[in-house]
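Structure first, commentary second.
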Amino acid sequence: MITFLAGGTGTPKLLAGATQQLGADRITVVGNTGDDIELGGLVVCPDLDTVLFHEGDVLDTERWWGIDGDSHETNAELHRLAEQAGLETGPQYLPVEQQTEGRPIARWRRFSGIAEFMTIGDRDRAVHITRTSLLDQGHTLTEATQVLANGFGLELSLLPMSDNPVSTIINTDSGPIHFQEYWLGEKSHEIRGVEFRGSQSAAPTTSVRDALDAPVVIGPSNPVTSIGPMLAVPGIREALEATPVVAVSPFVETTVFSGPAAELMAATGREPSTQGVAEAYHFVDAFVLDSADETALERPVVRTDTRIENTADSNRVMNAVIQALEELGIHV
Ligand code: GDP
């Protein structure tokens, strides 16, 4: 068995090659839930959903979120209604006292559904309604994710990093905001730091603990907001220290492929580069770097073209991961 740690873009891209070369039944994916929010009463888990849709063959691979060809009638009507009625638009947090009432999974990330600031597709919404209803029936997020995985015919095993809520909060010059407001909101912010609210009272599930006994692959991921929330959950970092880990750099030296990794690393006191990733990941035993990345690391390195745009690319990068595992004595 091999366990992959996933955010919402890089690792899902690597899974095409991984499933072809290892077989889906030998793969467990642990997904970041720090990005999750509750929006208009619905629990949305963006990183878990990307893996769900990718493996279910319905992902919109232009945007790397949502369902390909989905309609957005409900979202459009929510905007029309808000504008027509003179309601506020943009991210609107529910009042402080309502952030911790009720559903324990949704703490510190509750937004009003008015003028729904995330573009939730109509089919996509069915996933959030099902997930939220399962949670309301008393199921854990792990169980709800398994049900949804069955609904999309997943062959690999998909686990949330924890059943307890962890919210990635970005502290900015204008106060704390949730990661989703920082990423999708219209305003730009100066970042002062990143907090994983709830992480200290969260725990990895038994399934995650078991999965972390296997060799681990960290696909290209945002070290701050995709892997950071996992490392903040007590027990996960220790489990990674005790098992062989290979990571694919999300940088080519100092250049990112996509997303806010560089900005967030700089804001949290890390060098925004492969070197900075290696410093943040002291528990990683071997790295896969891009052929154009000459960063010298004191750990085994396998180089290849790490850009992943199609299945052939994914297979090439996965080959490099397998070679790196072999350098650590793991033969898959
Ligand atoms: P994010 O929320 O978009 O940052 O999601 P992830 O945690 O999945 O992070 C993706 C990271 O992987 C980003 O820092 C990108 O620079 C990087 N990335 C995206 N596509 C590729 C790719 O094709 N190859 C490599 N090596 N990195 C990639």
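Read the numbers this way: they start at 1 and go in the same order the structure lists the ligands and their atoms. One-based numbering along the sequence shown.
Given atom 3 (O) of ligand 1, the protein heavy atom at minimum distance is Thr9 OG1, 3.1 Å. Ranking protein heavy atoms by distance to atom 24 (N) of ligand 1, first place goes to Thr306 O, 2.7 Å. Counting only heavy atoms of the protein, atom 2 (O) of ligand 1 lies nearest to Ser226 OG, 4.3 Å. The shortest contact between atom 18 (N) of ligand 1 and any protein heavy atom is with Phe257 CB, 3.5 Å. With hydrogens left out, the protein atom closest to atom 23 (O) of ligand 1 is Ile308 N, 2.7 Å, a heavy atom. Closest to atom 6 (P) of ligand 1 among all protein heavy atoms lies Asn222 N, 3.6 Å. Among all protein heavy atoms, the one lying closest to atom 17 (C) of ligand 1 is Pro250 CB, 3.6 Å.
Listed by number with element, the atoms of ligand 1 under 4.0 Å from a non-hydrogen atom of Arg307 are 23 (O), 24 (N). Interface atoms of ligand 1 facing Ser258, defined by a heavy-atom separation under 4.0 Å, are 13 (C), 14 (O), 15 (C), 16 (O), 19 (C). Atoms of ligand 1 lying under 4.0 Å from any heavy atom of Val256, numbered from 1 in the order shown and given with element: 16 (O). With ligand atoms numbered from 1 in the order given, ligand 1 contributes 4 (O) to contacts under 4.0 Å with heavy atoms of Pro260. Close contacts of ligand 1 with Ala261, meaning ligand atoms under 4.0 Å from a residue heavy atom, involve 14 (O). With ligand atoms numbered from 1 in the order given, ligand 1 contributes 5 (O), 6 (P), 8 (O) to contacts under 4.0 Å with heavy atoms of Gly8.
Counting only N and O atoms by type, the side chains of Thr74 and Asp122 include a donor and acceptor under 3.5 Å apart. Using a 3.5 Å distance cut-off with no hydrogens or angles, the side chains of Arg299 and His282 do not pair a donor with an acceptor.
Within a 6.0 Å sphere centred on CD of Glu62, heavy atoms belonging to other residues, nucleotides or ligands number 12 at most. Under a cut-off of 6.0 angstrom, the local environment of CZ in Arg316 is crowded, with over 12 non-hydrogen atoms contributed by other residues, nucleotides or ligands. Taking a 6.0 Å sphere around CD of Glu143, one finds it holds more than 12 heavy atoms contributed by other residues, nucleotides or ligands. Within a 6.0 Å radius of CD in Glu253, more than 12 heavy atoms belonging to other residues, nucleotides or ligands are found.
With ring centers used as reference points, His178 lies 6.0 Å or more from Trp108.
The shortest heavy-atom distance from Ser249 to ligand 1 is under 4.0 Å.
Relative orientation of the Phe111 and Tyr93 rings is tilted, given thresholds of 30° and 60° on the angle between their planes.
Side-chain contact between Leu264 and Ile191: present, with at least one pair of heavy atoms (C-beta onward) separated by less than 4.5 Å.
Checked against His128 for a side-chain contact (heavy atoms from CB on, under 4.5 Å), the options Val44, Leu148, Val43 give a single hit: Val44.
On a distance-only criterion, Gly10 and ligand 1 share at least one N/O pair closer than 3.5 Å.
Under 4.0 angstrom from ligand 1, the non-hydrogen atoms of Lys13 all belong to its side chain.
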